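Since the model is a prediction, treat every value here as computed from it, not as a measurement. Chain identifiers are assigned alphabetically (A, B, ...) following the order of the sequence lines, protein sequences preceding nucleic acid strands; residue numbering begins at 1 within each chain.
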Amino acid sequence: MEFAATIVILTCTYALLAAGTVILYKAGRVVNFAHGELAIVGGYVFYSAGLMSGGTSLWFPVAGAVVFSIIMGMFIYMAMMRRLVGEPFYVAILVTVGIGIVLKSAILVIWRAERLTIDVGVTPAIRMAGGATLSYMDIASVVLTVAFFAGLYLFFRFTRLGVQFRGTAENALLASQRGVDVNFVLSLAWVIAILAASLSGVLYGGRAFLSTESVTIGLAGLTAALVGGLDSLRGAVAGAFIVACAQYLTVRLVDPVLSEAVPFLLLVIVMSIRPWGLFGTQEELDRV
Amino acid sequence: MEKHVSRKLFAAAILAASALAAPAASAQNAYVIGYITDLSGPLADSYTPTWQGFELYMKALNDRGGINGKKVEVILDDDGLKADRAVANAKKQTERDNVVGIFGLSLSSTQAPVFTEMRKIGVPVVTTFSGILDALPPSKPFSYSTGVVFEVAGEAIGELTKNIKPNGKIVGMTFDSVGGRAALSHNKRMAESLGYTWDEVLFPVTTSDFTPFAQAVAEKKPDIVVGHYGSGQNLGVIPALRRSGYTGPYIVASYGVTEDTVRQAAVRAGNDENVYYVTRYATIYDNNPGIAEVSAAQKKYGTSKPFSSMHLTGWTLGKFAETALKACGWPCTREQLDKVIQTLKVDAPGLTGGPIEMSPQDHYGPTYWRLYVWNPKTTSMEPKSGWLKKAALKFPLQ
Amino acid sequence: MPLEVQNLTLKFGGLTALNGVNLSVGDGELIAIVGPNGAGKTALLNCINGVYRPTSGRIVLNGQDITTVPIDKIALAGVGRAFQHAELFPHMTVTENLLVGRHLLMKTGVFSGAFYFGAAKREESIERKAIEGIIDFFELYQYRDVTAANLPYGVQKLVGVARALALQPKLLLLDEPSTGLTREEKENFARFLLRIHHELRLSMLWIEHDMQMVADLADRIVVLSYGEVIGEGPPEAVRKMPKVIEAYLGVD
Amino acid sequence: MSRTGYNLRTNYLESNEVIRRPYQKVLVAMVLAVAVLLPAATSTFFVHLLNLCFLSAIGALGLMLLTGFCGQISLGHAAFLAVGAFTTVILTVHVGAPFVVVIPAAAVTGAVLGFIIGLPSLRFRGVYLAIITLAMHYTVIFLATSYQANFAKSASAGITIPDPSIGPLVIKGEYTWYYFSLVLLTLVTIWCVNLIRTRPGRAWMAIRDRDIAAEALGINLTRYKLMAFMVSSTLASVSGSLLAYYSNVVTVETYTIDLAVIYVAMIIVGGMGSILGALMGAIFMTLLPFGIDGLFSYLPREWRYGSTVFGVQVGAVGICIILFLLIEPKGLAEIWRRIETYFDRWPFRYRPLDTTRH
């Protein structure tokens, strides 16, 4: 029972990250290596905004995280990514690596490298046989993740902006000729991706803690996206589930110490069988 | 545009280059010592308060008028828990700042290279935490430790566990580092010799979600769980263990874990009564004149980190440094300083269970350990045992 | 026969790019391939060149079956190719681009290259001299040390041909070498094509859109439409074929 | 007149000369002379920093060949350094092998690992390759941690290795190391320069620029990609071994992903596709944290507490990567070229269209 719960919660953390990676890839063919850092810094911002408001209301920290995502998303796209059109593929990757390092240094300079926990709803909500418990935060993380994906589905499917988004992902040039504000759509992609990451970071900060080491969840999320297929949101969920299962089972059945390397081993296996990922499309392989 | 960029870069480069060549700013009329530690890396939580304790002592000392009429100037450098940076800092301090000795240092991985380099030049180095082979008998010249040695701590914890439960199954946890493994193996050795059964769970260094690991521990049905790691991990581990259904005793080994961390972890775990703490220095909850003195200094000068036993550790090291420099006289040379440290005896009543004693063969000396338990009602720690004296282990072990 | 293409078919999923193409290039012959866009002209070259692996059929080069041989080995077998968009190495100079063309004729490796004296230096000297011959042939003197990215488009295409020629091929594949050139550049190019044809007597397979140029220069013309050969023969004969007229003018 | 006449050549090989203009010869000679005399004029600490620069420059050259010239991205360079360091440990501590055996052995181990890591590059490109090199990094580090933990059963602090010696000459102390690493770096640089201007280098650049066209000219992609990985990892491994010897201690904690990123930063800052850039980048990135440290020393002591200095040092790496990629993608080498051109033209501001490569 608790193992299933743990896997589901872990899947949620990774799925949110992987979804962001997929959105960014679909929108601008960018693979973001700074996603883990964005997630954790989002968590830190949430924490600090909570402190500033005295820890009484949830609205202030939530608003803090949202504002962070919007500013960060707009800034990364408008100041950096927009200028990289036509550059070799590695330039965008390395720029995101650079962003990741800068964010990490922000944790050091602003938050003094302290390990923080987000203590919202940590009291047990469900008691399971054997004494294990699930907190309100754990349940919230599942609910919020499901809500996020449902919202994303409705957005892409039924809103005008969502259609423009899909159009831009298909062919940015054509979309801009049809009057879509491509710059707006692509900044929006960054904002949504960072929002998802921040949510993931906040949930992670509730269950584990925030620190410069916890940015490694970004790599797990990236692996999940690659396993599922870089251009498929369904794949992101499936990939997250597979990575979470593999990690959990390694801890429990093989050797806990290996759990860090497992996502990569999994990735190598998946890529040698289906290089474009479980739900991805084959021609994407040559693009990146 | 292009030209602008290169001109600015050029200016920045010249500025940086001039900074590199900056001459030593040290006064000729003061004792200059170096302090290198991790103020920003993974263990900054532990080493920052230790440094602050040291600094408090030095501030108080200089306000008293210094040693032999001379002030003490401390050159502080951060190594970020990186060996190459620690070595470069040590070289910079010995050459540019002309320090007579180096104090502090972070984990063993940064100590070993600094010890090695400084031995070549002949600069005494005194560390607070995980002292290593170099300091333990047969000790190598110029290398000293006044702090926690993984192996000794492992043994002490094994022995003190008797005060919680006389027998049963102990599960040790650590992250997969060389030091963690060493601590575990000694804890295991001692526990098994006392009749406990032993099991262990290791996790990767970068782990921050401990739930799966905690479940693996809970499944082993332990009677006692020991966590061998620095400060922050406890914040994640204790709640994760409780979530996974383990409610038994949990021992925090004090590799730089502050009381405040224990408090936070215990609160997060649901105001637990079963959190224990084994430490080489006293805790701030002990009521004695030694602690009161440090506490007064902390109130006077202020520290950014909450007052903790790490401050006591740093304070004791400060006392060690003062005693050594005083004995060294003025002017104090590196050789002279090393010579006096070799037979130094420093008593820090109230802060340790007994004096720090160096001898030419043993640069670590006997250490004293104590078991505390967290009391959620009084929100403080209470001793659960007397001070346990551990003579230094001899290496290589048989 | 330098090149013989037998019953070549190439399919991508459900799409048939080439369907039972038969073709041969004789010694020193200049064969032009014409056809509307999407007729499969470049796909045919890609098959011969080894970029695509045909679904069925055979490609024989000087008696050697090269149907499934990898690209680089096909170059070794003696096929040189000039690409439609030149595909020069943009960060390298014209000389260096041509020297890459000499790759197969050189021997220097990682270890011998380390010492720039003795064998490696000698080889550089010899090959550099050989390149000078090609530069001379194509009159590229002023561009020797210009990076490819900085060349005018017309010159880029010329260098593309020169580079293919540098590897001393037995068969030269030219993919629309004159497309995008000005009238003058085209005439200039025609001159070089004739020189390759007459002075070097190289077998060539030449994709071209300019019907006038094809009619003037080619020995034979092969007309492709929707992946099939719809006409073949000397220029004057092909121009009169009803099927070709239909394909080109859309007569019903 | 002599300045504008440099394009005239009387010999084919002259176009392949690395140093083409008379004043450049003077410059190189001056740089070498300064390098030789420098230790006499500066402090041991600065010599130590330069040693770190020189030794890491060897690794940076390796990465430059792979990424800058062959176009294969790698985030696993720290692992290659680790392989060199641990080969050194195993051979010196267990076997007692001398320096002259260890360095070639480290080179061979590096080459073998490079070959293995190169294999996926035949199938994967771009991001996928980057992730695979990352996976390789974690695998190597895991193995190294296990080795170190089991090797040092009772105490923990890295593994000490003795000073190296070549025959009767013991390489010990900053100054000996300075000249030793200077000579070594010069040799490696010459090797790299020669590789780049002969057949293998041109093949790598062709693969980087247009792989299909390169293949159509007969370049065997498999062979040359693997060769690039092997040469790169060999240099990294040798660099790792030398750095281990220099510091006398090997511990697995040194070889983090951050270190790999710093090496990537070296070649970006220096300028992709330039040997000079690799050298400049290595020196820049090695000195950068110390320069920041130095700048901070001008500030009040209180400012240096906490994580600020280290945080800024970390952040500076990221900022360098971003700024150079966005503003000066050709790096320091290009800035240097512009300065050179400026003086070359002097006193004129312009010169007729100059599109030649320098």
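- How far OG of A:Ser135 is from CZ of B:Arg268: 9.0 Å, rounded to the nearest 0.5 Å.
- If you measure heavy-atom distances from A:Ser214 to chain B, the contacts under 4.5 Å come from both the backbone and the side chain.
- At a 4.5 Å heavy-atom cutoff, the contact between B:Ala216 and chain A is made by backbone and side-chain atoms alike.
- Once rounded to the nearest 0.5 Å, the distance linking CG of B:Leu202 with CG of A:Asp255 reads 7.5 Å.
- At most 12 non-hydrogen atoms from other residues, nucleotides or ligands lie less than 6.0 angstrom from CZ of A:Phe241.
- The structure places OG1 of A:Thr13 at 7.0 Å from CG of B:Asp209, a figure rounded to the nearest 0.5 Å.
- Here B:Ser244 is the residue among B:Ser244, B:Ala214, B:Gly236 with the most heavy-atom pairs under 4.5 Å with chain A.
- Only the side chain of A:Leu10 comes within contact range of chain B, with at least one heavy atom under 4.5 Å from a heavy atom of that chain.
- Between the side chains of A:Thr117 and B:Gln264, no donor-acceptor pair of N or O atoms lies under 3.5 Å.
- Heavy-atom distances place the side chain of B:Lys305, and not its backbone, under 4.5 Å from chain A.
- Of the two parts of A:Asp138, only the side chain, counted from C-beta on, holds a non-hydrogen atom closer than 4.5 Å to a non-hydrogen atom of chain B.
- Here the shortest heavy-atom pairing between B:Gln233 and A:Phe209 reads CA-CE2, 4.0 Å.
- We find the CG-CG distance between B:Leu235 and A:Leu210 to be 11.0 Å, quoted to the nearest 0.5 Å.
- Panel note: side chain B:Arg243, backbone A:Arg207; a donor-acceptor pair is recorded below 3.5 Å.
- Residue B:Tyr301 places its OH atom among more than 12 non-hydrogen atoms of other residues, nucleotides or ligands, all under 6.0 Å distant.
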